[in-house]
Chemist: 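The structure is given below, and queries will be raised subsequently.
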Amino acid sequence: MRQSQKTENKADYLRRVTLEGSEQTGARSVVSGEKRTQNGLLREKVLDRNNLNRAFVHVKRNKGAGGIDGMSVEELGPYLKENNVKLIEALRTESYEPQPVKRVEIPKPDGSKRQLGIPTVVDRVVQQALQQQLSPIFEKVFSDNSYGFRPHRSAQSAVKKVVAYYNQGYHYVVDLDLKSYFDNVNHDLLIKFVENYISEPWVLHLIRKFLTSGVMNGRFFEKSAKGTPQGGNISPLLANIYLNELDKELTRRGHKFVRYADDCNIYVKSKRAGERVLKSITQFLEKELKVEVNAEKTQVGSPLRLKFLGFSLGVGRNSAYPRPHQKPKQRIKQELTRITKRSRGVSLDRILHEIKQKMQGWIQYYSIGKMKIFLQQLDKWLRSRIRQYIWKQWKNIGTRYKALIKLGLTPKQAKIYVNTRKGYWRNAHSKTLLMTITNKRLAQRGLINLSKLYQSIQAKA
DNA sequence: CGCACGAATCT
RNA sequence: AUCAGAUUCGUGCG
Ligand SMILES: Nc1ncnc2c1ncn2[C@H]1C[C@H](O)[C@@H](COP(=O)(O)OP(=O)(O)OP(=O)(O)O)O1
Ligand SMILES: [Mg+2]
């Protein structure tokens with residue numbers, strides 16, 4: 001009730017604002033917009049001042065590091081102000097040459113390396129401007145079962161789709177994983193797929209320029225004969241255009257599937273069907289789309305064990321539900337261990353704040369999953385962990401005794417307790433600490449209550 | 001709904 | 001050092 005009223009008010013407010021502010025300017029900009037694009041050239045939409053400016057703001061907002069020329073996003077504004085005419089002219093005449101991307105390696109969760117390709121900040125603006133115009137065009141043709149990198153489509157909704165499939169009796173899943181997907185995209189095929197929807201040579205040319213701009217790996221230049229850079233603004237869109245062909249094939253074959261970037265799950269009703277599908281789709285991907293299927297990682301199995309977008313499925317009385325997979329659970333717990341570990345230097349307030357923002361984000365994402373028990377255990381563990389931390393802190397300052405009295409112990413009791421020599425963990429569990437540093441006091445100090453937060457988020461959904 | 005800043009998650 | 005897309009949440013402004 002309250003909710004709908006709130007949204008109504010907000011909608012009314014917005015309607016009012018738009019009516020008040022822009023009756024005239026709105027009409028004018030529509031006219032001029034049509035004028036600019038009356039010949040229907042995508043090129044002019046991309047190079048439109050407004051579009052380029054949006055692209056610039058977007059790149060600047062990200063605050064990402066610079067590319068091979070070392071220009072930062074702070075320097076970007078002044079540079080563009082100075083050179084925008086030349087830049088636009090170069091783009092229009094197809095004489096614009098994107099710079100090579102900068103090779104940077106970052107660790108993946110599994111320990112291996114991810115090879116980023118970081119374009120120049122200027123190139124990022126151009127890519128973004130192009131992406132902004134291409135995205136709405138391709139959104140119209142993309143599959144309803146594709147979720148990754150797409151506006152208005154969340155990982156959570158992909159997971160919900162999976163749950164729905166399971167509840168429809170599809171209890172086996174073919175989990176396909178592509179090896180270094182972006183790096184293996186075939187240029188010619190990609191351009192061909194783009195061409196099916198956009199015939200304008202200027203666009204195709206510009207995309208190819210970005211694909212073939214090469215890589216600077218340290219002092220060495222490397223050609224880019226295949227792949228779209230992990231770090232390019234249009235790369236995710238291009239990746240979806242590429243695998244849209246897979247979506248079309250899966251749809252043609254009548255499969256139930258969900259795709260998130262290169263993570264494609266096909267749902268079937270028997271293991272044998274799964275094996276058959278795995279074989280033929282692998283064939284299709286490698287022969288027709290020329291991408292590498294990760295033989296070890298891809299498999300047919302049960303959604304109850306599989307990790308998809310951080311979730312796996314659990315099964316209740318007669319229906320399935322999502323829940324956080326073991327891996328993310330372990331990961332977040334060891335993150336909390338790390339946060340509460342470095343005892344010296346950081347204040348308790350900072351630590352509690354750090355825990356709060358981390359866990360708010362985490363629970364927010366996983367809130368569509370079942371995890372009440374996990375969070376209750378985590379709450380308990382965390383409280384002990386913090387008591388331990390406080391105890392240690394008191395020791396450092398040498399005020400255990402005073403602190404205990406302040407929390408309600410008599411001087412005699414405090415004296416006895418202060419002199420005990422137990423491990424921190426046992427102290428944290430001990431009755432004295434539990435009584436003095438109560439849950440309530442921890443909460444007042446700012447320790448977040450995970451299961452409570454979880455319930456309140458669930459109540460809204 | 002738009003913008004600025006902060007954060008989390010997925011790929 | 002470390003990029004990109006997308007989705008969420010929080011604070012503030014319109
Ligand atoms: N942090 C990132 N920055 C930019 N692009 C990313 C990032 N993470 C993932 N991607 C894009 C590029 C990847 O090719 C694609 C699929 O991600 P992912 O499957 O995790 O890695 P991968 O396919 O490159 O290697 P792997 O062989 O380990 O599967 O999503
Ligand atoms: Mg992959």
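Residue numbers begin at 1 in each chain, while the letters A, B, ... track the order of the sequences.
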Chemist: Would the Y170(A) and F257(A) ring centres measure less than 6.0 Å apart?
Modeler: no

Chemist: Indicate whether OP1 or OP2 belonging to U2(C) is found under 4.0 Å from a side-chain N or O atom of Q230(A).
Modeler: no

Chemist: Does K102(A) make a side-chain N or O approach to OP1 or OP2 of U2(C) shorter than 4.0 Å?
Modeler: yes

Chemist: R331(A) near the nucleic acid: base, sugar-phosphate alone, or nothing, with a heavy-atom cut-off under 4.0 Å?
Modeler: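 Sugar-phosphate: the residue R331(A), judged by heavy atoms under 4.0 Å, touches backbone atoms but no base.
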
Chemist: Heavy atoms within less than 4.0 Å of DNA chain B: which residues of residues 151-162 of chain A have one? Give them sorted by number.
Modeler: none

Chemist: Among the nucleotides dC10(B), C3(C), dT11(B), which one has an atom lying closest to any side-chain atom of L116(A)?
Modeler: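 That would be C3(C).
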
Chemist: Quick check: do Y172(A) and S302(A) have side-chain heavy atoms less than 4.5 Å from each other?
Modeler: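 Not in contact.
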
Chemist: Polar atom pairs between nucleotides 9-13 of chain C and protein, under 3.5 Å, N or O only, would you list them?
Modeler:
none

Chemist: Please give me every residue in residues 236-247 of chain A whose heavy atoms get under 4.0 Å of an atom in DNA chain B, ordered by residue number.
Modeler: none

Chemist: Could you tell me how far apart Y365(A) (OH) and dT9(B) (P) are, to the nearest whole angstrom?
Modeler: 10 Å

Chemist: If you take any heavy atom closer than 4.0 Å to RNA chain C, which residues from residues 289-300 of chain A end up in contact?
Modeler: none

Chemist: Is any side-chain heavy atom of H58(A) closer than 4.5 Å to a side-chain heavy atom of R61(A)?
Modeler: yes

Chemist: Which is true for P107(A) with a 4.0 Å heavy-atom rule: it touches a base, it touches only sugar-phosphate, or it touches nothing?
Modeler: base

Chemist: By the 4.0 Å heavy-atom rule, please label Q115(A) as base, sugar-phosphate, or nothing.
Modeler: nothing

Chemist: Heavy-atom distance under 4.5 Å between the side chains of V291(A) and E286(A), does that happen here?
Modeler: no

Chemist: Give the rounded distance in Å between these two atoms: NZ of K63(A) and C1' of dA7(B).
Modeler: 12 Å

Chemist: Could you tell me whether the side chain of Y166(A) reaches within less than 4.5 Å of the side chain of Y267(A), counting heavy atoms only?
Modeler: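 Side-chain contact under 4.5 Å: no.
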
Chemist: When you check the phosphate oxygens OP1 and OP2 of U2(C), does a side-chain N or O of R114(A) lie under 4.0 Å from one of them?
Modeler: no

Chemist: Cation-pi between K329(A) and F374(A): NZ/CZ under 6.0 Å from ring centre and within 45° of the ring axis?
Modeler: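 Yes, a cation-pi geometry.
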
Chemist: Return no unless some side-chain N or O of N62(A) is found under 4.0 Å from OP1 or OP2 of A4(C).
Modeler: yes

Chemist: From the options dT9(B), A6(C), C3(C), select the nucleotide whose nearest atom is closest to the side chain of H58(A).
Modeler: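 Out of dT9(B), A6(C), C3(C), the nucleotide with an atom closest to H58(A)'s side chain is A6(C).
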
Chemist: Are N145(A) and Y165(A) packed together at the side-chain level, in the sense that at least one heavy-atom pair is separated by less than 4.5 angstrom?
Modeler: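 Side chain of N145(A) against side chain of Y165(A), heavy atoms only: contact under 4.5 Å found.
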
Chemist: Measure the shortest side-chain to side-chain distance between I390(A) and L442(A) over non-hydrogen atoms and say whether it is less than 4.5 angstrom.
Modeler: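 Yes, side chains in contact.
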
Chemist: Across the strands shown, which category fits Y147(A) at heavy-atom distances under 4.0 angstrom: base, sugar-phosphate, nothing?
Modeler: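 Answer is nothing: Y147(A) stays at 4.0 Å or more from every strand.
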
Chemist: Among the candidates dC10(B), dA8(B), U2(C), find the nucleotide nearest to the side-chain atoms of I118(A).
Modeler: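 Output: U2(C).
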
Chemist: Any idea which heavy atoms bring R253(A) and F284(A) closest together, and the distance?
Modeler: NH2-CB, 4.1 Å

Chemist: For residues P100(A) and I68(A), report the shortest heavy-atom separation together with the two atoms involved.
Modeler: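 Heavy-atom minimum between the residues: O-CG2, 3.6 Å.
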
Chemist: Output every pair passing salt bridge (charged side-chain N to carboxylate O under 4.0 Å, His left out) with a member in residues 178-192 of chain A, not counting sequence neighbours, ordered by first then second residue.
Modeler: K179(A)-E292(A), D188(A)-R208(A)

Chemist: A4(C) phosphate, OP1 or OP2: any side-chain N/O from N233(A) under 4.0 angstrom?
Modeler: no

Chemist: State, with a plain yes or no, whether a side-chain heavy atom of D177(A) is found less than 4.5 Å away from one of V293(A).
Modeler: no

Chemist: Rounding to a whole Å, what distance do you find between D110(A):CG and dT11(B):P?
Modeler: 11 Å

Chemist: May I ask you to check whether Y242(A) and F193(A) place their ring centers less than 6.0 Å from one another?
Modeler: yes

Chemist: Can you find a pair of side-chain heavy atoms, one from I457(A) and one from I363(A), that are under 4.5 Å apart?
Modeler: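 Result yes, sub-4.5 Å side-chain heavy-atom pair found.
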
Chemist: Take the protein atom NZ of K113(A) and the nucleotide atom P of U2(C), then report the distance between them rounded to whole Å.
Modeler: 14 Å

Chemist: What is the distance, to the nearest angstrom, from the CZ atom on F138(A) to the P atom on A6(C)?
Modeler: 16 Å

Chemist: Identify, residue by residue, the members of residues 64-74 of chain A with a heavy atom below 4.0 Å from RNA chain C, and return them in order of residue number, or none.
Modeler: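 Within this stretch, G64(A), A65(A) sit under 4.0 Å of the strand.
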
Chemist: Rounded to whole Å, how long is the line connecting atom CD of Q132(A) with atom P of G5(C)?
Modeler: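 Computing the Q132(A):CD to G5(C):P distance gives 9 Å.
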
Chemist: From the options dT11(B), dA7(B), A4(C), select the nucleotide whose nearest atom is closest to the side chain of K307(A).
Modeler: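 Nearest to the side-chain atoms of K307(A), counting from C-beta on, is dT11(B).
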
Chemist: To the nearest Å, how far apart are Q127(A) CD and G5(C) C1'?
Modeler: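 Atom-to-atom, Q127(A) to G5(C), this comes out as 11 Å.
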
Chemist: If you check the L309(A) side chain, which of U2(C), A4(C), dT11(B) turns out closest?
Modeler: dT11(B)

Chemist: Could you tell me the separation between the CG atom of N265(A) and the P atom of dT11(B), rounded to a whole number of Å?
Modeler: 11 Å

Chemist: Which whole number of Å gives the distance between the C1' atom of A1(C) and that of dA8(B)?
Modeler: 22 Å

Chemist: Supply the atom-to-atom distance Q230(A) CD to I106(A) CD1, rounded to the nearest 0.5 angstrom.
Modeler: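 Interatomic distance, Q230(A) CD to I106(A) CD1, rounded to 0.5 Å: 8.0 Å.
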
Chemist: When all nucleic acid strands are considered with a 4.0 Å heavy-atom cut-off, which category describes V57(A): base, sugar-phosphate, or nothing?
Modeler: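 Sugar-phosphate, backbone atoms only, no base.
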
Chemist: Does R61(A) place a side-chain N or O at less than 4.0 Å from the phosphate oxygens OP1/OP2 of dA4(B)?
Modeler: yes

Chemist: Base, sugar-phosphate or nothing for G232(A)? Non-hydrogen atoms, less than 4.0 Å.
Modeler: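 Result for G232(A) = sugar-phosphate.
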
Chemist: With the side chain of I106(A) defined as its heavy atoms from C-beta on, choose the nearest nucleotide among dA8(B), dC10(B), U2(C).
Modeler: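 Looking only at heavy atoms from C-beta outward on I106(A), the closest nucleotide is U2(C).
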
